[in-house]
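Everything on this sheet refers to the single structure shown next.
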Amino acid sequence: MLVRDEVKNIITKACESAVNANKLENTGLPEIRIEYPKEERFGDYASSFALESAKLLRKSPIEIGNTMKEFIEGSKIIEKVEVVKPGFINIFLSTDFLHQCLMNIRKEADQYGKFDKKNPERINIEFVSANPTGPLNVVSARAAAVGDTIANLLEAAGNTVDREYYINDHGNQVYLLGKSVLARYRELSGEEVEFPEQGYQGEYIKEIAEECGKYSDEINTIADEDELIDFFAAKAIEHNVAGQKNDLESFNINYRTFFSEKTLHRNGDVESTLALLEEKGMIYEEEGKKIFRSTDFGDDKDRVVVREDGRPTYLLADIAYHKNKIDRGYDRLIDIWGPDHHGYIARLKGAIQAMGHPEDKLKILIVQQVNLLMQGEIKKMSKRLGKFSLMKDLIGDIGTDVARYFFIMRTMDSHLDFDIELAKRESSENPVFYLQYAHARICSIFREAEKRGFKYNPEKSSTEHLNNPETISLMKLMVRFPEDIYDAAEKAEPHRIASYLLKLAQKYHKFYTEHRVLSDDSVMTNTYLALCEGVKIILKNGLHLLGISAPESM
RNA sequence: GCGCCAGUAGCUCAGCUGGAUAGAGCAACGGCCUUCUAAGCCGUGGGUCAGAGGUUCGAAUCCUCUCUGGCGUGCCA
């Protein structure tokens with residue numbers, strides 16, 4: 001159980017006891033809420049219960065707090081309870097308890113911070129899903145870092161999580177892609193061709209065309225122009241998706257499924273989805289089009305799902321895709337989208353409801369855009385014009401660790417100004433190195449201990465040596481690690497982990513400069529080594545959650 | 001017009017389910033290595049929380065309006 005919840009239970013019980021002893025009136029008192037005080041001198045956990053209930057009880061918050069205090073004191077885990085100024089009840093954990101927690105962290109090791117859930121949810125999280133019309137850019141990299149980290153967090157929170165990537169290998173963009181490659185292919189064989197007006201102009205299109213040279217025999221047998229375009233489109237998609245997979249793998253992401261949109265059209269899922277919506281009375285016809293009543297679910301207007309010529313729109317395929325995911329047995333779906341798709345939320349969530357599922361079956365997270373700065377100026381990106389910064393180049397320039405950390409350290413709904421030059425230049429004093437350095441430092445101490453022939457035995461550690469400000473402050477933060485994971489998973493806010501680890505590294509570095517770990521006093525050495533081991537475990541687990549390596553030396 | 005996101009230190013950003021004196025990193029300046037990694041630590045300076053009202057014991061946080069920037073508002077995907 002989270003220490004936070006234990007504290008909550010203690011205060012809740014204290015409240016009940018006070019009521020039973022007629023010290024407090026039972027007048028529909030609010031639920032106890034536990035918060036983290038802003039400053040350490042206000043304790044480790046605090047409750048504003050007395051402030052909240054003052055009016056109801058017609059007593060001063062201080063008076064209520066003092067009454068509560070009597071019933072809270074005496075718990076093994078609590079060292080002291082303070083009732084202060086406006087009426088906060090501040091709780092201080094005991095050093096003995098913290099020592100126990102430390103031993104527990106060592107015992108749990110890799111598992112520390114993870115939860116067992118009685119009934120784990122099966123969650124599908126879909127992210128990046130960039131069009132297969134080119135390589136991944138830095139905007140996709142942000143979604144990749146965020147999505148994968150949220151997946152990690154949900155796993156740590158005890159769920160079964162599958163990462164999924166939707167390949168939009170159907171529709172106009174694909175047609176245009178095929179046309180573009182075909183044009184380049186013809187150019188290569190010396191033909192004078194007009195490049196498609198809206199075509200993809202990137203250099204990589206030429207490379208694909210070149211590669212297609214090896215299929216020349218096959219290509220020569222295709223007479224129909226559309227068939228030819230299809231052929232080149234298929235080859236281009238194959239090439240692009242392979243490249244995207246490569247980039248994602250080097251970003252430490254392992255997808256379980258790459259799902260092709262084309263299969264939905266081929267296996268009848270699109271039609272059966274339409275049939276289902278019609279059956280539910282959610283579709284009406286107008287001027288030969290079939291239209292989904294998305295306004296029933298708060299959308300601005302109803303949406304066309306089948307065009308006049310009978311072709312389904314992207315929306316219908318997407319509804320079919322989400323139905324497919326639900327049919328595969330997932331309890332919950334999460335989509336991560338760019339800001340340019342936010343207008344799409346209402347209609348898709350509406351469709352989920354129209355098919356008879358609860359509104360929160362699907363959660364859509366919007367990751368805000370990345371502005372790429374070059375010499376302080378925003379660089380405009382356009383995939384169609386082939387002007388964009390590649391994810392591959394980013395990884396090559398600053399590395400996966402730094403890139404992932406940069407994308408995760410901010411909240412996902414803030415627009416991110418990403419200055420690659422700065423990220424490269426600062427790479428030696430980057431926050432991520434600060435975390436990794438703390439880990440490497442600890443590893444180094446253990447190597448040194450071994451070199452000196454010290455026999456590390458954490459059972460011989462003692463609370464006595466933990467009674468100093470740096471150590472206590474460090475342990476209090478260590479205890480909060482599972483709580484932060486819980487909150488970060490619950491709220492889908494991965495940046496919380498980055499902040500947490502930064503604070504932990506700070507406190508560790510502070511401890512390190514104030515205290516010598518290896519000394520002649522073997523009890524003290526064992527105690528400090530146990531503390532170091534605990535920090536090391538958390539740093540490693542935390543960095544792992546972010547998809548970042550924890551080096552043994554730097 | 002409507003919708004979404006943002007506006008907090010010189011810069012990049014935390015803090016936002018209302019709580020205690022508004023924080024961090026970077027940049028600037030000044031200290032700390034005979035001893036486990038100085039990729040570290042300590043200290044100093046730096047704020048009209050975009051603005052105006054409102055709600056209450058209490059507002060950066062909630063409500064309304066205004067201003068600024070970005071994005072969206074396809075039978076594209």
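In the text below, chain A, chain B and the rest are named by the order of the sequence lines, each starting its count at 1.
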Note: for A/Ala46 and A/Gln369 on RNA chain B, the residue whose nearest nucleotide lies more 5' is A/Ala46
Next on the checklist: Between A/Arg441 and B/A38, is there a contact of a side-chain N or O with OP1 or OP2 at under 4.0 Å?
Outcome noted: yes
C1' atom, B/C49 versus B/A24: distance in rounded Å? 16 Å
- prompt: Under the 6.0 Å and 45° cation-pi test, does A/Arg480 pair with A/Tyr36?
  reply: yes
Crowding at CZ, A/Arg266 (>12 non-hydrogen neighbours, <6.0 Å): no
Non-hydrogen side-chain atoms of A/Arg404 and A/Thr149 separated by less than 4.5 Å
yes
Side chains of A/Leu466 and A/Ile472: closer than 4.5 Å at any heavy-atom pair?
no
Here the distance between atom C1' of B/A38 and atom OH of A/Tyr434, to the nearest Å, is 12 Å
A/Tyr175 OH to B/A77 C1', in whole Å, measures 17 Å
From the candidates B/A14, B/C36, B/G18, the one with an atom nearest any side-chain atom of A/Ser499 is B/A14
From the candidates B/C76, B/C71, B/U17, the one with an atom nearest any side-chain atom of A/Pro339 is B/C71
Discussion item. Would you measure the distance from the C1' atom in B/G74 across to the matching atom in B/C62 and give it in whole Å?
Written reply: 36 Å
(request) Step by step, work out the side-chain hydrogen bond (donor to acceptor under 3.5 Å, both in side chains) result for A/Ser47 and A/Glu35. (result) CA-CA 6 Å; A/Ser47 176; A/Glu35 50 198 75; over 6 Å; no
Pairing partner of B/U55, by Watson-Crick or G-U wobble and under 3.5 Å for both distances, is none
inquiry  = Rounding to an integer number of angstrom, what distance separates B/U61 and B/A14 when you compare their C1' atoms?
reply    = 13 Å
| message | Using atom P in both nucleotides, what's the gap between B/C5 and B/C63 to the nearest angstrom? | response | 11 Å
Does any donor-acceptor pair link the side chain of A/His415 with the base of B/C5 at a separation under 3.5 Å?
yes
- Measure centre to centre between the rings of A/Tyr166 and A/Phe258, then say whether the value is under 6.0 Å. no
- Checking all strands, does A/Ser519 fall into the base, sugar-phosphate, or nothing category for heavy-atom contacts under 4.0 angstrom? nothing
Rounded to whole Å, the CG-P distance (A/Asp340 to B/G72) equals 7 Å
Checklist line | Integer angstrom distance from the P of B/U8 to that of B/G47 | finding: 14 Å
- At under 4.0 Å between heavy atoms, what does A/Arg452 touch on the DNA or RNA strands: base, sugar-phosphate, or nothing? sugar-phosphate
Checking B/C41, B/A6, B/U17 against the side chain of A/Lys491 (C-beta onward), the nearest is B/U17
Pair A/Phe259 + A/Tyr165: ring centers closer than 6.0 Å: no
Looking only at B/G74, B/G40, B/C36, the nucleotide nearest the A/Val517 side chain is B/C36
Notebook entry, point to check: According to a strict under-4.0 Å criterion, is A/Lys301 in side-chain N/O contact with OP1 or OP2 of B/G74?
Noted result: yes
Which part of the nucleic acid, if any, lies within reach of A/Ser444 when heavy atoms closer than 4.0 Å are counted: base, sugar-phosphate only, or nothing? base
Point to revise | Any A/Gln506 side-chain N or O less than 4.0 Å from OP1/OP2 of B/G25 | key: yes
Problem - Integer angstrom distance from the C1' of B/U55 to that of B/G10 - result: 36 Å
Notebook entry, point to check: For atom P, what is the distance between B/A59 and B/A22, given to the nearest Å?
Noted result: 13 Å
- Message: For a quick check, tell me whether the side chain of A/His342 and the base of B/G3 share a donor-acceptor pair closer than 3.5 Å.
- Response: yes
Look at all strands and tell whether A/His170 reaches a base, only sugar-phosphate, or nothing, counting heavy atoms closer than 4.0 Å. sugar-phosphate
Answer for the Watson-Crick or wobble partner of B/U17, both distances under 3.5 Å, is none
Q: Return the stacking result for B/A20 and A/Phe88: yes when the ring centres lie under 5.5 Å apart and the planes under 30°, no otherwise.
A: yes
- How would you label the contact of A/Asn90 with the nucleic acid (heavy atoms, under 4.0 Å): base, sugar-phosphate, or nothing? base
| message | Less than 4.5 Å apart, side chain to side chain, heavy atoms only: is that true for A/Glu261 and A/Thr263? | response | no
Looking only at B/C36, B/A77, B/A39, the nucleotide nearest the A/Phe433 side chain is B/A39
Using a heavy-atom cut-off of 4.0 Å across all strands, would you classify A/Phe446 as base, sugar-phosphate, or nothing? nothing
A/Lys8 atom NZ is separated from B/U17 atom P, nearest whole Å, by 16 Å
Which of B/G19, B/A77, B/U37 is nearest the side chain of A/Ser48? It is B/G19
- Item | Nearest-angstrom distance, P atom, B/C2 to B/U64 | 14 Å
Check your understanding: A/His439 near the nucleic acid: base, sugar-phosphate alone, or nothing, with a heavy-atom cut-off under 4.0 Å?
Key -> nothing
Here the residues of residues 57-68 of chain A within 4.0 Å heavy-atom distance, strictly under, of RNA chain B are none
A/Ile237 atom CD1 is separated from B/A77 atom C1', nearest whole Å, by 12 Å
Side-chain contact check for A/Arg410: nearest option of B/C41, B/C76, B/U12 is B/U12
- Message: Taking any heavy-atom pair under 4.0 Å as a contact, classify A/Lys451: base, sugar-phosphate, or nothing.
- Response: nothing
From the candidates B/G19, B/C36, B/G40, the one with an atom nearest any side-chain atom of A/Arg516 is B/C36
- Determine, using ring centers only, whether A/Tyr437 and A/Tyr434 are less than 6.0 Å apart. no
Assigned chi class of B/C67 under the 90° convention is anti
When A/Leu416 and A/Val84 are each assigned the nearest nucleotide of RNA chain B, the 5'-most assignment goes to A/Leu416
Checking N1-N3 plus N6-O4 or O6-N4 for Watson-Crick, or N1-O2 and O6-N3 for wobble, each under 3.5 Å, the partner of B/C26 is B/G10
Using the six-membered ring for Trp and the full ring for Phe, Tyr or His, decide whether A/Tyr512 stacks on the six-membered base ring of B/G40 (centres under 5.5 Å, planes under 30°).
no
The Watson-Crick or G-U wobble partner of B/A38, with both key distances under 3.5 Å, is none
message: Looking at A/Glu450, I'd like to know if its CD atom is crowded, meaning that more than 12 non-hydrogen atoms belonging to other residues, nucleotides or ligands lie closer than 6.0 Å.
response: no
Distance test, side-chain N/O of A/Lys510 to OP1/OP2 of B/C41, below 4.0 Å
no
Whole-Å distance, A/Lys38 NZ to B/U61 P, equals 13 Å
Checking B/A77, B/A39, B/C36 against the side chain of A/Met554 (C-beta onward), the nearest is B/A39
Taken to the nearest whole Å, NE2/A/His495 to P/B/A6 is 12 Å
Separation of B/C13 atom P from A/Glu493 atom CD, nearest Å, is 17 Å
Re B/C2: Watson-Crick or G-U wobble partner, both distances kept under 3.5 Å, found to be B/G72
